[in-house]
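Input: a single structure, listed below in structure tokens.
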Amino acid sequence: MSSPLPSPGGPGAGPVAAVDPRVMREVMGHFASGVTVVTAASGQGPVGFTCQSFSSLSLDPPLVVIAPARASRTWPRLRELGRFCVNVLAEDQPGLSATFAGASADRFAGVGWRSSPLGQPVLDGVVAWIDCALWAEYDGGDHTLVAGRVLDLGADPRRRPLLFHRGGYGLLGNGAQADDAGIA
């Protein structure tokens, strides 16, 4: 805990202390989430980044939300394109998560993929893919909340998702441990 902030409560509630980011990360790590790689086709070839912050947002209109870190060097490139594809990784793809979280100039080197019907990169073996057009962006603190209008999507019901939980892949640390420095 650190310096007090104004109370979000009513009169007499008093100030509340700021939340320590390390504590928040540890507590929020108890919520298991899927892991995605967000991709796009550019004139210089495919680009992409790992993004743990992903959710369905609306059925009418069909919207999803991702939350890339403000420090991301890849999201601005995808924003300019106005299109992206969310690839939901499968349980046997922690290596792809690490590859797309890293600083490599060519994250697609040696990675199998195909184009979606609308031309965006769909990684081989993913559980699902969601092809989107940029709908809106919102301030999300140290992240940007990005709403994408779903244009096309597909899934492989035989595959199981890669989960991130308590700092590692799999539930309760079962499975490979992750270097969470690159997961947004």
Side-chain angles (χ1 to χ4, degrees), residues 21 24-25 28-29 31-58 61-90 93-155 161-165 167 169 178-184:
M24 184 164 173
R25 173 176 266 204
M28 297 307 290
F31 176 71
S33 65
V35 181
T36 69
V37 170
V38 180
T39 60
S42 79
Q44 295 76 41
V47 294
F49 65 96
T50 298
C51 186
Q52 179 188 352
S53 302
F54 165 73
S55 181
S56 175
L57 181 62
S58 170
L63 301 172
V64 295
V65 66
I66 62 172
R70 287 223 185 262
S72 172
R73 292 185 308 265
T74 307
W75 170 245
R77 295 173 63 195
L78 276 70
R79 177 193 301 116
E80 286 178 21
L81 297 168
R83 295 278 307 282
F84 57 91
C85 185
V86 179
N87 293 265
V88 179
L89 297 185
Q93 295 181 312
L96 278 179
S97 173
T99 296
F100 282 89
S104 172
D106 184 7
R107 295 175 177 161
F108 279 83
V111 173
W113 63 278
R114 63 179 171 80
S115 291
S116 73
L118 298 174
Q120 300 308 309
V122 175
L123 303 178
D124 288 350
V126 295
V127 171
W129 57 271
I130 303 94
D131 205 340
C132 302
L134 179 60
W135 176 267
E137 285 186 87
Y138 305 96
D139 181 4
D142 60 3
H143 283 67
T144 300
L145 298 176
V146 177
R149 169 103 187 200
V150 177
L151 303 174
D152 199 4
L153 65 168
L162 177 62
L163 297 180
F164 193 77
H165 181 242
Y169 295 113
D179 173 8
D180 64 315
I183 295 190

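Residues Thr74 and Phe100 fail the side-chain proximity criterion, which asks for heavy atoms closer than 4.5 Å. Contact check for Tyr169 versus Leu162: side-chain heavy atoms found under the 4.5 Å cut-off. Using a 4.5 Å heavy-atom threshold, the side chains of Leu78 and Val47 count as touching. Taking 4.5 Å as the limit, every side-chain heavy atom of Leu89 sits out of range of all side-chain heavy atoms of Pro161. When side chains are defined from C-beta on, Val126 does not count as touching Val88, because their heavy atoms never get closer than 4.5 Å. Side chains of Leu123 and Val111 form a contact here, defined as non-hydrogen atoms less than 4.5 Å apart. Inter-residue side-chain proximity for Leu163 and Val35 is flagged as unmet; no heavy-atom pair is nearer than 4.5 Å. At least one side-chain heavy atom of Leu134 sits under 4.5 Å from a side-chain heavy atom of Arg79.
Panel note: side chain Thr144, backbone Val146; no donor-acceptor pair is recorded below 3.5 Å. A donor-acceptor distance shorter than 3.5 angstrom exists from the side chain of Gln93 to the backbone of Ala90, with no hydrogens or angles considered. Of the possible donor and acceptor atoms, none in the side chain of Thr36 sits under 3.5 Å from a partner among the backbone N and O of Asn87. With hydrogens and angles disregarded, no donor-acceptor distance shorter than 3.5 Å links the side chain of Ser72 to the backbone of Pro68. A side-chain donor-acceptor contact under 3.5 Å links Thr39 to the backbone of Pro121.
Taking all atoms of both residues into account, the shortest heavy-atom contact from Ser97 to Thr50 is O-OG1, 2.6 Å. Of all non-hydrogen atoms in Ala103 and Arg73, the two that sit nearest each other are CB-NH2, 4.2 Å. In plain terms, the two heavy atoms of Ile130 and Leu153 that are nearest each other are CA-CB, 4.0 Å. Taking every heavy atom of both residues into account, Trp129 and Pro117 meet most closely at CH2-CD, 3.6 Å. In terms of heavy-atom proximity, Gln120 sits nearest to Ala41 at OE1-N, 3.0 Å. Residue Ala40 comes nearest to Phe84 through the heavy atom pair CB-CA, 4.4 Å, listed as atom of the first residue, atom of the second, then distance.
Taking SG from Cys51 and NE2 from His143, the interatomic distance works out to 7.0 Å, rounded to the nearest 0.5 Å. Interatomic distance, SG of Cys132 versus CD1 of Ile66, reported as 7.5 Å (0.5 Å rounding).
For the pair Asp139 and Arg70, the salt-bridge criterion is met [side-chain N within less than 4.0 Å of a carboxylate O].
Side-chain atoms of Trp75 and Glu137 include a donor-acceptor pair closer than 3.5 Å. Side-chain N/O atoms of Ser116 and Asp131 include a donor and acceptor closer than 3.5 Å.
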Side chain to side chain contact (heavy atoms under 4.5 Å, CB included) between Cys85 and Val122, worked out: CA-CA 7 Å; Cys85 185; Val122 175; 4.0 Å; yes
